**Q** 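The structure's right below; bear with me while I get my questions together.
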Amino acid sequence: MSKPTQLTPFGYALAGALGACFSNAVVYPLDIVKTRIQASTVDSNASDKEKLSVIGILLRILKEEGVAGYYRGFLATMLNTFSMQYAYFFFYSFVRTSYIKRLAARRPAGTAAAPLSTAAELALGAAAGALAQIFTIPVAVIATRQQIGRSLDRAPASTKKAPNGPSADEEKGDGPAAGKAKAEEEEYDDSFLGVAKEIIAEEGVTGLWLGIKPGLVLTVNPAITYGLYERVKSVMLLAKGDADVKANAKLSPWMAFTVGALSKALATVVTYPYIMAKVRIQARSADVEEAQEEHIALPQHNKPHHKTGHHVGALTVLARVWRRNGFIGWYQGMGAQLVKAVITQALLFMSKDQFEHWALAIMVLFYRLRGGR
């Protein structure tokens, strides 16, 4: 085995996963805020909307949960981020490298390699994203539930009350049901395994794959992001005079930051309604909306949901939001999502080269530990 001099697909996957964890950890409190805004069901009046502002949610978390509330589900989210990004970068690098090699084998000797088309970049990214989603979504479901915790249970009565719901005294916390709810909240096990058991009790084992269908649709998000990034990067390198677009050609950190931010922003705007629908499905708020619309009791924790049917889909969620809040409702919380997505993606692209150096150093270290010279 020769000493590694360049990254393998595993090396690129490691570099991408480490970079993603770093960028998401920097803005994690904002991730908590955007998840809670997306999962909340509100009316279109101004008072409810004000309660879902970024500053309002941050202050509410600090008041009710303390600073620790800003990092609910941090370890599960980092595990999800690492596993998802590792799987995505691995599949993307592997598929893309294989595809380029096949094109090179068919190219006449001595001719320069042409950049991949945007369609090819999108197709490769979507294939990699779909494979990554299937293997990692259970961790994502648990992380989403941990981030929200019991915050939806403490939502304003106007957004939670069902026709046959609790009385006014119970909603204010004065009735016996409120006392029981408080006792249950104190006993709430928000550990990784505890949340997993709760999901299985409510939805069955398949509940760990809640949101898989919109998740697969959302593979177009990283496909658009990385497709645009690679395309624009190739054009800019060509404009700088790197006509061959060599594999080791790099953008400057600030240029990578700019291109990454613009790419992610566009992808987020295009796919946001499905992002919100996926969060609502995973967070249980879609079940609350269903109960309100069907005039039945609200779903209970650790008890089976959907006894006479199946879980609502993303299109049903979007239809309900449209009827309740109109087109604007599809973009509830997009501001927080956009800021978080742009910052994390830009940091990821800006630090990508550095993490690739570290990943190569790790590979060299393992090579030496195995007796190589």
Side-chain angles (χ1 to χ4, degrees), residues 20 24 30-31 33-42 52 77 80-81 84-85 87-88 92 121-145 147-148 152 203 206-228 262-290 293 310-342 344-345:
N24 278 277
L30 185 59
D31 191 37
V33 171
K34 69 93 181 170
T35 300
R36 295 193 180 189
I37 294 176
Q38 290 168 343
S40 297
T41 57
V42 299
L52 292 183
T77 302
N80 172 56
T81 300
M84 179 63 187
Q85 290 296 325
Y88 180 83
Y92 182 78
E121 293 284 7
L122 291 175
L124 294 174
L131 290 169
Q133 277 283 336
I134 293 171
F135 287 103
T136 63
I137 198 170
V139 182
V141 175
I142 295 172
T144 299
R145 291 286 184 96
Q147 286 185 332
I148 292 172
L152 294 181
E203 308 281 354
T206 57
L208 294 173
W209 274 266
L210 279 176
I212 183 63
K213 291 181 180 179
L216 291 176
V217 173
L218 287 172
T219 56
V220 72
N221 190 298
I224 293 174
T225 301
Y226 288 96
L228 285 174
L262 292 175
S263 301
K264 189 61 179 180
L266 177 59
T268 299
V269 172
V270 171
T271 60
Y272 186 78
Y274 252 73
I275 294 174
M276 183 199 66
K278 177 185 174 183
V279 170
R280 291 196 177 192
I281 291 172
Q282 294 178 338
R284 195 192 292 106
S285 53
D287 296 346
V288 174
E289 286 184 311
E290 182 180 34
E293 189 170 274
H310 60 278
H311 204 287
V312 296
L315 293 178
T316 302
V317 172
L318 292 177
R320 287 174 179 165
V321 173
W322 177 277
R323 290 195 296 269
R324 191 171 186 173
N325 304 106
F327 178 77
I328 296 178
W330 283 0
Y331 288 87
Q332 175 180 307
M334 190 186 72
Q337 173 78 32
L338 194 59
V339 172
K340 185 257 180 183
V342 169
T344 54
Q345 198 68 29

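Heads up: numbering here begins at 1 and tracks the sequence. Just so we're clear, the structure is a prediction, and the values are computed from it rather than from any experiment. Computation of the quantities below employed the complete heavy-atom set of this structure, encompassing side-chain atoms and omitting hydrogens, waters and symmetry-equivalent molecules.
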**Q** Apply the test side-chain contact (heavy atoms from CB on, under 4.5 Å) to residues M276 and V321: give CA-CA distance (whole Å), side-chain angles for both, the deciding distance (0.1 Å), then the verdict.
**A** CA-CA 10 Å; M276 183 199 66; V321 173; 3.9 Å; yes

**Q** So W322 and F327, would you call those rings parallel, tilted or perpendicular, with 30° and 60° as cut-offs?
**A**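 Perpendicular, since the angle between the ring planes exceeds 60°.
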
**Q** Distance-only check: which donor-acceptor pairs under 3.5 Å involve side-chain atoms of residues 127-144, not counting sequence neighbours?
**A**
{"residue": "T136", "atom": "OG1", "partner": "A132", "partner atom": "O", "Å": "2.7"}
{"residue": "T144", "atom": "OG1", "partner": "A140", "partner atom": "O", "Å": "3.0"}
{"residue": "T144", "atom": "OG1", "partner": "Q282", "partner atom": "OE1", "Å": "3.3"}

**Q** Out of V339, N24, T81, which residue meets the side-chain contact (heavy atoms from CB on, under 4.5 Å) rule with T344?
**A**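 Of the listed residues V339, N24, T81, the side-chain contact (heavy atoms from CB on, under 4.5 Å) partner of T344 is N24.
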
**Q** For a quick test of reading the model, state the closest non-hydrogen atom pair linking A126 to T219 and the distance between them.
**A**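 Answer, listing the atom of A126 first, then T219: O-CB, 3.8 Å.
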
**Q** As a test of understanding, state which of D31, I37, V33 forms a side-chain contact (heavy atoms from CB on, under 4.5 Å) with T35.
**A**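 Passing option: D31.
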
**Q** Between NZ of K34 and CD of Q337, what distance do you get to the nearest 0.5 Å?
**A**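 Here the interatomic distance stands at 4.5 Å.
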
**Q** Distance from Q38 atom CD to Q147 atom CD, nearest 0.5 Å?
**A**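 Here the interatomic distance stands at 9.5 Å.
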
**Q** Quick one: CD1 on I328 to CE on M334, what's the gap to the nearest 0.5 Å?
**A**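 Taking CD1 in I328 and CE in M334, the distance rounds to 11.0 Å.
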
**Q** Can you give me the closest heavy-atom contact between A39 and I148, atom names plus distance?
**A**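 Shortest heavy-atom separation between A39 and I148 comes out as CB-CD1, 3.5 Å.
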
**Q** Mind checking what makes ring pair (Phe, Tyr, Trp, His ring centres under 6.0 Å) contact with Y274, not counting sequence neighbours?
**A**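 Scan of Y274 (ring pair (Phe, Tyr, Trp, His ring centres under 6.0 Å), adjacent residues dropped) gives none.
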
**Q** Would you call the rings of Y88 and Y92 parallel, tilted or perpendicular if under 30° counts as parallel and over 60° as perpendicular?
**A**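 It falls in the parallel class, under 30°.
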
**Q** Which distance, rounded to the nearest 0.5 Å, do you find between the OG1 of T316 and the CZ of R280?
**A**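 One finds 13.5 Å between OG1 of T316 and CZ of R280.
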
**Q** Suppose we screen for side chain to side chain contact (heavy atoms under 4.5 Å, CB included). Which residues come up paired with T206, at least two apart in sequence or across chains?
**A**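 Side chain to side chain contact (heavy atoms under 4.5 Å, CB included) list for T206, sorted by chain: empty.
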
**Q** Distance check, rounded to the nearest 0.5 Å: Y331 atom OH versus N325 atom CG?
**A**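 If we round to the nearest 0.5 Å, Y331:OH and N325:CG are 14.5 Å apart.
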
**Q** Show the nearest heavy-atom pair for residues I281 and A314, with the distance to one decimal.
**A**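 Between these two residues, the closest heavy atoms are CD1-N, 3.8 Å.
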
